[in-house]
Amino acid sequence: MGTITKALNLLNHFSASRPEIGLTEFRKLSGQDKATVHRHLVELTANGFLEQNPGTKGYRLGPAILRLAAVRERLFPARTLVAPLVEQLAAELGELVHVSLREGNHLSPLYHHDALIHGTRVYFDEAELLPLHATASGLAMLAFGPDQLLADLLKKPLRAWTSHSITDPQVLKDAVEKVREDGIAFVDQGFETHVSSFAAPVFGDRLEAIGTIAVAAPTVRMTEDLKSKIRRDLISTAAEVTDKLGGLVPTDLKRIWHHAA
């Protein structure tokens, strides 16, 4: 990785459960030497991407993140546009629904909602990047995203997140081809044990997926009746999300979705 990438990757270690990180912890998380990490932190702080807590000396996300996020949402109001659709689908299904956008060889969560009607729910970390090979969202992106995406992903070994994760390149290729045929992806415990999910692609102004919408539920609740309802409702919502984002669903996929609905 280049110097800029290494510095920016430090930002990916923040989450709701880790809002502040010190120099020593950053060094452990990044695997870089202390002097290099410190130099990156100084640069990120000077440019407003981080700020240092004067009491603990730990680092937290800075005001530049808020400023850029506000500009992004104003110019491309993706969260504002998809939120009502995500919340409506979550209420109809009673399960967690989330939309993610592609960020390199991962998916970056955009918006999620859980109807909170069950005692047992799926935990969703909005700061966590989703792997393409181990999630339903990822398979949907690989099937309908940029042509080179799968080949680029297979240049490195595939990480096993659980005992159900796909780690064999040929198995992944076959799984992606099945998603292309079905128009929708399903993964059983590939990323988290006891969690199963469905996902469908969403499109921008080009005929390749820019993101996905997914429904995740505890595996024990994934009855055949629930699976059928998720497939039907997810397809229609994916088309609506695409429309809200100013995109078009490819004709071939429209045909597949029509027969599946």
Side-chain angles (χ1 to χ4, degrees), residues 76-102 107 109-113 115 122 130 132-150 166 171-188 190 195-217 219 221-261:
F76 183 57
R79 284 175 59 89
T80 303
L81 292 173
V82 307
L85 297 173
V86 169
E87 292 172 9
Q88 179 182 346
L89 183 58
E92 291 173 354
L93 297 174
E95 302 294 351
L96 172 74
V97 179
H98 59 92
V99 170
S100 301
L101 298 179
R102 185 172 76 88
L107 284 164
L110 174 68
Y111 188 78
H112 73 282
H113 186 74
V122 175
L130 303 178
L132 298 184
H133 69 286
T135 61
S137 294
L139 293 188
M141 175 53 63
L142 289 171
F144 298 102
D147 292 336
Q148 191 62 26
L149 196 55
L150 179 58
I166 297 175
V171 173
L172 181 61
K173 290 177 182 178
D174 292 343
V176 169
E177 185 56 37
K178 186 177 188 306
V179 175
R180 290 194 182 110
E181 295 171 359
D182 295 344
I184 193 168
F186 174 72
V187 167
D188 180 25
V195 174
S196 300
S197 58
F198 283 90
V202 296
F203 297 84
D205 55 5
R206 293 193 297 173
L207 295 181
E208 62 181 30
I210 61 170
T212 60
I213 180 169
V215 179
T219 302
R221 270 206 306 274
M222 276 289 189
T223 63
E224 290 305 314
D225 285 344
L226 179 58
K227 288 180 179 179
S228 296
K229 183 169 177 54
I230 289 174
R231 288 190 190 98
R232 182 179 65 251
D233 293 353
L234 186 60
I235 285 173
S236 61
T237 304
E240 290 183 83
V241 170
T242 293
D243 183 63
K244 287 290 186 182
L245 295 178
L248 291 172
V249 178
T251 302
D252 290 347
L253 182 57
K254 273 187 181 179
R255 191 177 300 113
I256 293 171
W257 281 357
H258 176 73
H259 289 301

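Everything quoted here is computed from the prediction, not taken from an experiment. Below, each value reflects all heavy atoms present in this structure, side chains not excepted, and no hydrogens, waters or symmetry copies. Along the sequence shown, residues carry numbers from 1.
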In short, L207 meets F203 closest at the heavy-atom pair C-CD2, 4.1 Å

| query | Can you check whether S137 reaches H98 side chain to side chain, under 4.5 Å on heavy atoms? | reply | yes

Correct closest heavy-atom pair for R231 and I184 would be CA-CD1, 4.0 Å

With sequence neighbours left out, the residues meeting side-chain hydrogen bond (donor to acceptor under 3.5 Å, both in side chains) with T135 are none

### Query
Within a reach of under 6.0 Å around CZ of R206, are more than 12 heavy atoms found that belong to other residues, nucleotides or ligands?
no

### Query
Within a strict 4.5 Å, meaning less than it, do heavy atoms of the L96 and V215 side chains meet?
no

Would you mind writing out the side-chain donor-acceptor pairs for residues 139-147 within the sub-3.5 Å range, not counting sequence neighbours?
none

- Would you mind reporting whether V99 and H112 have side-chain heavy atoms less than 4.5 Å apart? no

Which of L149, L130, I210 passes side-chain contact (heavy atoms from CB on, under 4.5 Å) with R102? It is L149

L253 and G183 have their tightest heavy-atom pair at CD1-CA, 3.7 Å

Nearest heavy-atom approach of L107 to S100 is CB-CB, 3.9 Å

Residues pairing under ring pair (Phe, Tyr, Trp, His ring centres under 6.0 Å) where one sits in residues 222-258, two or more places apart or in two chains, turn out to be none

Closest non-hydrogen atoms of L226 and L93, given as atom of the first, atom of the second and distance, are CD1-O, 4.5 Å

Output for pair (T237 OG1, I230 CD1), nearest 0.5 Å, gives 11.5 Å

**E92 bridged to K229 by N-O distance under 4.0 Å** = no

Q) So do the side chains of K244 and L85 get within less than 4.5 Å of each other, counting heavy atoms only? A) yes

- prompt: Is D174 paired with K178 through a side-chain N to carboxylate O contact shorter than 4.0 Å?
  reply: no

Are side-chain heavy atoms of S197 and F186 found at a separation under 4.5 Å? no

Heavy-atom nearest pair, A185 first then V179, reads CB-CG2, 3.7 Å

**Asked** Is any side-chain heavy atom of V122 less than 4.5 Å from a side-chain heavy atom of E95?
**Response** no

